[in-house]
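Values reported hereafter were calculated over all heavy atoms of this structure, with side chains retained and with hydrogens, waters and symmetry mates removed. Throughout, protein chains are lettered first and strands after them, A, B, ... in sequence-line order, and every chain is numbered starting at 1.
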Amino acid sequence: MGYEEVTQSLGKVVEMKNITKKFGDFVANDSVNLDVFKGKVHALLGENGAGKSTLMNILYGLYSPTSGEILINGKKVDITNPNVAIEHGIGMVHQHFMLVKPFTVAQNIILGREPTSKMSVLNMKKALKDVKEISDRYGLYVDPNAKIEDISVGMQQRVEILKALYRGAEILILDEPTAVLTPQEIVELIQIIKNLTKEGKSIILISHKLKEIIEAADFCLIIRRGKHIDTVVVSETDEEGLASKMVGREVSFSVAKEEKEAGDEIFSIEGLVVKDNRDIIAVDKLNLSVKKGEILGLAGIDGNGQTELLEAITGLRKVESGKIKINGEDITNSTPFQVISKKISHIPEDRQKRGLVLDFDISENTILENYYKNPFAKRGVLQYDNIKVYAKELIDKFDVRPKEETKMARNLSGGNQQKVIIAREVSNDPDLLIAAQPTRGLDVGAIEFVHKSLIEQRDNNKAVFLISFELDEIMNVSDRIAVIYEGKIVGIVDAKDAEVEKLGLMMAGGGNE
Amino acid sequence: MIETILNNLALILGTTLMYSTPLIYTSLGGVLSENSGVINIGLEGMMVIGAFIGAAIGYYVGNPWIAFIGAGIAGGLFGLLHAFACVTFGANQVVSGIAINFLGAGIALFLSRMFFEGATMTKSIPLDNKMPRPLNGVFPDGSFLNIIFDNQYATVYLAFFMVLLIWFFMYKTKYGLRLRSVGEHPTAADTLGINVMRIRYFAVIMSGVFAGFGGAAMSLAIVSNFRPTLISGHGFIALAAMIFGKWKPQGALLACLLFGGAQGLAVFLGQFDFEISSQLISMLPYVITIVVLIGFVGKSAAPSADGIPYEKESKY
Amino acid sequence: MKLTLKELRKKLYIFATEKTIGFTLISIFLGLVVGAIFLAAAGFNPFQAYGIILRGIFSKPSYISYTIVRATPLILTGLSIAFAFKTGLFNIGAEGQYIIGAVVATAAGYFLHLPLLIHIPVVIISAVLAAGIWGGLAGYFKAKFGVHEVISTIMLNWIALYFQNFLIYTKGFQKPGGETSHSIQPTANMMILKTWKQSEAGREWLLQHPFWKDLLRTPMNWGFLIAVLMAVLVWFILNKTALGYRLRAVGFNKFAAEYGGINVNKNMIISMFIAGGLAGLAGALQVVGVSHKVTLIAAMEGYGFDGIAVALIANSSALGCILAGLLFGALKYGGAKIQPFMQAPSEVINIVIGSIVFFIAIPKLIKVILTRKNKKGGIK
Amino acid sequence: MFKRIITFFVLVLFVMSIFSCGQVKKESGIKIAMVTDVGGINDQSFNQSAWEGLKRAEKEFALSVSYLESTQDADYAPHMETLLDAGNNLIWGIGFKMGDTIKEKALGNPDQKYAIIDYAYGEETPANVVGVVFKEQEPSFLVGYIAGKMTTTNKVGFVGGMKFPLIEKFEYGFKAGVKLANPDAEVLAQYADSFTDAAKGKAIANQMYENGADIVYHAAGGVGDGVIEAAKEQDKFAIGVDRDQNSLAPEHVITSAMKRVDNAIFNVAALLVKGEFPGGTTVVYGLKEGGVGIAPTSYKLVPADILEEVEELKAKVISGEIVVPSTPDTFAEWTM
């Protein structure tokens, strides 16, 4: 049975017809069509930058389409702003959570639709009651008085869903909802989605993870570079089928990697204790070591001390106790400058905040750690000719586009920004390369490139320490996998023997080693 | 002996209230604007125009409340100008604020010359046409409370009321919740159907209104006329107090009181023939502020989106 | 005619949107228009007023040199603020740093007795160092205690003001019976030909040479050249040296700078030290070149605050500060003349400057105005 | 809109190029101009007084007069130059701060006449300069006497702007007057370290009134606004300075120590017209010369008998029988 037949008898709640959206000369959506049916999950599949979010932002009234029309429950509507969308029963959970951090859960949920007594005075009592009611009804438990900045990412996502439900959403858009979740949390989320559809809600699920789509969705719209490719019935296809439609060619899922014997231990951490910004212990007596010629993957859910661990190693955060050693030398509580000079390179998790000076051009960014050294500077004066030559070399070698070293880093795509960072860090010829979330937000091609670079390092007998929230990435790239939970390593396994279920359990604190 | 100490204490407290009042209004203005995400460094200019308009209307019309409100409106117009630049056109907020400072002073003096026969100083307002003094003569002569409150103008009490009002508005009403959300995470607010632009316009205009009140609290209560040097740096001090008070109305109030208290102390110490120079005593309020900041306050956290223009359809 | 106008408009659009300098010039023009509107509304002929200002700046050699003298401290305070801006800091403290520079220069100029060629550099360097430390203090407070530099510099301004008054009252420094300090020694004087100008022979000669007399009757001094040199130096440091790279990296993105091994706190202090030094140099040059002493000050003189406007008009470019400083100095100097000649309020100059800065704040407005017109005109 | 802007721009350039002739001189031919100090022309004090004197001279002698306001100390020299170029016969500097500037200009332009208020060059007065100083201690002495007589609490106050010799003349003259009228009276004296901070003036005056003073004399510019305001609020008395400040608070400013800058300026103008410009000298204006005095409105609040005594005192000062102290040292001698 094809898509047409299956959907014939279903009630359409949303129809997006021939939606086109242009940003200047850039076409983000090109005549895309989408139908959503009552009580069904409709997935939206495409690579990063394919235009999924744009399409949903149009449906939610954040952008207005250049052309095309939208029908809700058969009626043509003009969604000029989110208020209109909300009135039509559309709710959206954004990929980057739209939560006000210093506010409480309840305040975030009611924002914009606040229950009030006289004179616009907030009625927090009613707010708390309302929030509790919905969370009970859909099994979405959160503490309404907790501040967002104090709760986990999974909880924050529940708040986002509650926000939409509080506004009486019948159609719920979930934008990449699993990107930050543990496998267990993903299972829970899928259960929540099923509960919601049972209650008659319609879901639009944006994802580039095929497995989830297969598990959760009824139908799937595939778009590529803004263009409408196909709509399929999920039960009639498989991962490979979806994937080839998504990228337009056959793709292999595993990363090509030779077997390699690891060398001597080069980097070690003993009994490390680090506090976070709120002065709470985030890394708790952690032990870890990395050998030459291996990639150690650190798996774990966001917020279990990875960031603090990284910052402690690279000198950005104070170490309370414990030791960090490289090549036998103690570098505990060194400055970033000293750490770099000990041949440690670092691909930071937030490339725009840490990795690049966005208002510098590419060439200036390539010398961030070496600007004062010969040949880039002589007697304190920068040698722009030499810098240019060097930058051009890196641009060629790492295929950064556009190939202009005078281009501002701000004007590069995410993938190319990451290439500049990797080029810079790898060119420092480090003994240890730390890569934190190196592929976050990149498209398939760029991800392949990053993985290749990491493996190249390992093959050159260098140590690589990979930190990622994407379990697939950890499993595909690493030689050994350490799992971190609440600031402790709860287990280390060989990548060959690793199983998703077991790792997932450990990531959630269920480790038994 | 005890009586002397009490009397002196009362004097210092009285001076504290007097000094703090214009600062309180103005820093409340800063609180509103910056919590909505718009830096307002133009408070000084808004104060100047408020002080002038207050004095001018007070002189010509004779009703202090009309003058006070007029000053607020004048400040609000400059707030509108600032909002126009910063909210509608995504201007650099610091640059626009500096422009407002030049414009405020320039226009106030220009108008003064037009309406006061070429003078940059307005004519004095009789006591009866100044702000009322609600507690004048209420307490027995020479009593502790009398020394503090006898000659405090309505503006003083109103300032405290305004702090309460703004606090209530910001933390207990839905518009306050929205205003803060806009300053913290405008995109989130926008996705919930909150009109970011409108709230920022409102906040910035109100910040001008309050700075205008602050200026008028100077020209209509502390003195009874305007002169070019009447507001000399008060707007910047109020700005500092707002930052010092961690962008909260109650914090700003305390910071203003601290500053006013230090001035009261300087005036108190100034009456004695010390060996130390009176210049050093005059430095005191500023030194105390820095010392307090270093010792007790530490890093202060601005609203996350403070200073960042909000553009709806940012480039892809 | 219509076609050429259209083309002109299009050219103007490109001029305004693609070149910073074009945009600045248009802002200056619009600022003058706003000033004209105010003058006209008040019943003054704006053309006459601007005519007086222009003639007041250019019609005599001495006017031009006064404009330059007037602009010199503004160029330097502007540079100070622009420098801090470039490194991500907002230096509202140029006012206080200027005061410290002036008072230390006076002290060094009066108390030290040194030969001519050594005295002036010693005076200037000590003033610059002192003001640098004064500025660096704000950087230190920020680096060490997280005190916002806007608050600390505002407070430091007032402390500097009272400090100068305090020093003037100090015995030995105060000119007996006066409200000023002693004047600096002649060896610390940088005014061109000062002693000769006031000698018998000098006066004789000047009386016979009116052009030179006119030119030299101003406190013309080497300060302007030093200011220009400083602008070039600042430009060089920021754009061509490793130090400048560090400072700019910290200014643009302190997180990335920190990550890259740059000591953010140290560079913040260095930046405020240099900014303070530049503002202090303005004060020092004013003393050695023009005033030769410091007097009691009752209120801020505004060199620092005017410097903010200069830095903004210059778009924080070091070389732009020279031009913006000259523009500002010229407007202030020439603008004062509309008062005696046509009884028009010279405050209009503040309105003009405020408007210029305002237009500079909103590049988009000018773009919008010009594009709308483009659409209507049917060209794109 | 756009077209108009362009047209306007062109027009501006055009008109500016046309305007190149100087300004029109008045018929009488004699021009006098003044440079104010940073207080500005309407400071309710000596700048304003000076301008009034010039205006009077303008009427009386058909002169043409003008002024330039300074906003910074650095304005003085260029303003002097501007007025020089405007072809003035006499240029006034109002305020001691212009002392050095005037001298320098006078030496550089021996044909130009200059005059300055509140500055004495003594022996070194250039031939083309007149220095005008006032015996501020004398009117201060008289108002001090009034204060001493009128105080019911035996406490009076003095608020100074900033402490330096010129302002001290006010302080010690006042103190001497108070002591003469009422040896038991105490004088509270405090300086504000500012000429602008009205709030501080008010706070200081409040403190004095609270400490028992019932009359406060100020010599403090804008700070004095606050002093007078405090007197109004507390229903106490204040004494004004420089000009008759009774209009600021008709019921509370009992008298003012007037410094007749206007008279001085008018007199010098008269001499200039007659061709008797007293170049090279310092003119001292005291009670004798009619250059200082107490406000004509004093009769409103000061009892007539006290005013009569003041007149007698005035005669003694004029005759030289009383020499009013003006410094800490001369005051110490006086009280001995």
Side-chain angles (χ1 to χ4, degrees), chain B residues 41 44-45 81-82 84-86 88-114 118 120 228-229 232-233 236-237 239-241 243-244 277-290 293-295 297-300 302, chain C residues 34-35 38-39 41-43 85 90 92 137 141 144-148 150-152 154-159 161-170 298-300 305-306 308-309 311-312 343-365 367-368:
Chain B
I41 212 158
E44 174 94 2
L81 197 65
H82 191 48
F84 175 72
C86 298
T88 305
F89 286 100
N92 181 322
Q93 300 173 359
V94 170
V95 183
S96 169
I98 295 289
I100 298 276
N101 285 337
F102 277 94
L103 287 172
I107 291 174
L109 298 189
F110 192 94
L111 291 178
S112 175
R113 289 199 194 271
M114 295 297 103
T120 52
T229 54
S232 47
F236 286 103
I237 302 260
L239 182 78
I243 298 172
F244 193 175
S277 156
S278 67
Q279 305 296 333
L280 297 183
I281 293 172
S282 298
M283 263 182 213
L284 213 57
Y286 311 98
V287 176
I288 289 176
T289 305
I290 289 190
L293 276 175
I294 288 173
V297 178
K299 283 199 201 310
S300 33
Chain C
V34 172
F38 269 87
L39 283 169
F85 268 142
F90 188 17
I92 300 194
L137 214 53
F141 291 154
K144 182 89 183 175
F145 304 106
V147 178
H148 203 297
V150 166
I151 316 184
S152 58
I154 288 173
M155 299 300 150
L156 284 170
N157 284 345
W158 289 97
I159 295 173
L161 184 147
Y162 288 113
F163 179 68
Q164 166 163 337
N165 289 349
F166 167 73
L167 277 190
I168 287 175
Y169 282 124
T170 311
M300 298 289 173
F305 293 104
D306 290 350
I308 298 176
L312 294 177
Q343 278 73 52
S346 54
E347 280 78 22
V348 76
I349 293 305
N350 273 347
I351 299 178
V352 170
I353 289 166
S355 305
I356 294 173
V357 176
F358 189 71
F359 287 115
I360 281 180
I362 41 174
K364 273 195 203 153
L365 177 69
K367 276 185 201 173
V368 165

Give me the atom names and distance for the closest heavy-atom approach of [X] to [Y].
| X | Y | value |
| --- | --- | --- |
| B/Gly106 | C/Ile351 | C-CG1, 3.7 Å |
| C/Ile159 | B/Ile290 | CD1-CD1, 4.3 Å |
| C/Ala361 | B/Ala91 | O-CB, 2.9 Å |

(request) Only counting residues at least two apart or in another chain, list the ones meeting ring pair (Phe, Tyr, Trp, His ring centres under 6.0 Å) with B/Phe110. (result) C/Phe38

Side chain, backbone, both or neither: which part of [X] has a heavy atom under 4.5 Å from chain B?
| X | value |
| --- | --- |
| C/Thr170 | neither |
| C/Val150 | side chain |
| C/Tyr169 | side chain |
| C/Phe141 | side chain |
| C/Asn157 | neither |
| C/Ile92 | side chain |

(request) Applying side chain to side chain contact (heavy atoms under 4.5 Å, CB included), run through C/Glu347 and B/Ile107 and close with a yes or a no. (result) CA-CA 7 Å; C/Glu347 280 78 22; B/Ile107 291 174; over 6 Å; no

When rounded to the nearest 0.5 angstrom, what distance separates [atom1] in [X] from [atom2] in [Y]?
| X | Y | atom1 | atom2 | answer |
| --- | --- | --- | --- | --- |
| B/Phe236 | C/Trp158 | CZ | CH2 | 11.0 Å |
| C/Phe163 | B/Leu280 | CZ | CG | 9.0 Å |
| B/Ile281 | C/Tyr162 | CD1 | OH | 12.0 Å |

(request) Run the numbers on B/Thr289 and C/Ile154 for side chain to side chain contact (heavy atoms under 4.5 Å, CB included), then give the verdict. (result) CA-CA 10 Å; B/Thr289 305; C/Ile154 288 173; over 6 Å; no

(message) Taking side chain as everything from C-beta outward and backbone as N, CA, C, O, which of these in B/Thr88 sits under 4.5 Å from a heavy atom of chain C? Side chain, backbone, both or neither.
(response)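 The answer is neither part of B/Thr88.
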
Pairs of heavy atoms under 4.5 Å with chain C: top-ranked of [options]:
| options | value |
| --- | --- |
| B/Leu81, B/Ile41, B/Thr120, B/Asn92 | B/Leu81 |
| B/Ile237, B/Leu109, B/Val94 | B/Leu109 |
| B/Leu284, B/Thr229, B/Val287, B/Ile100 | B/Val287 |
| B/Asn101, B/Leu103, B/Leu239, B/Leu111 | B/Leu103 |

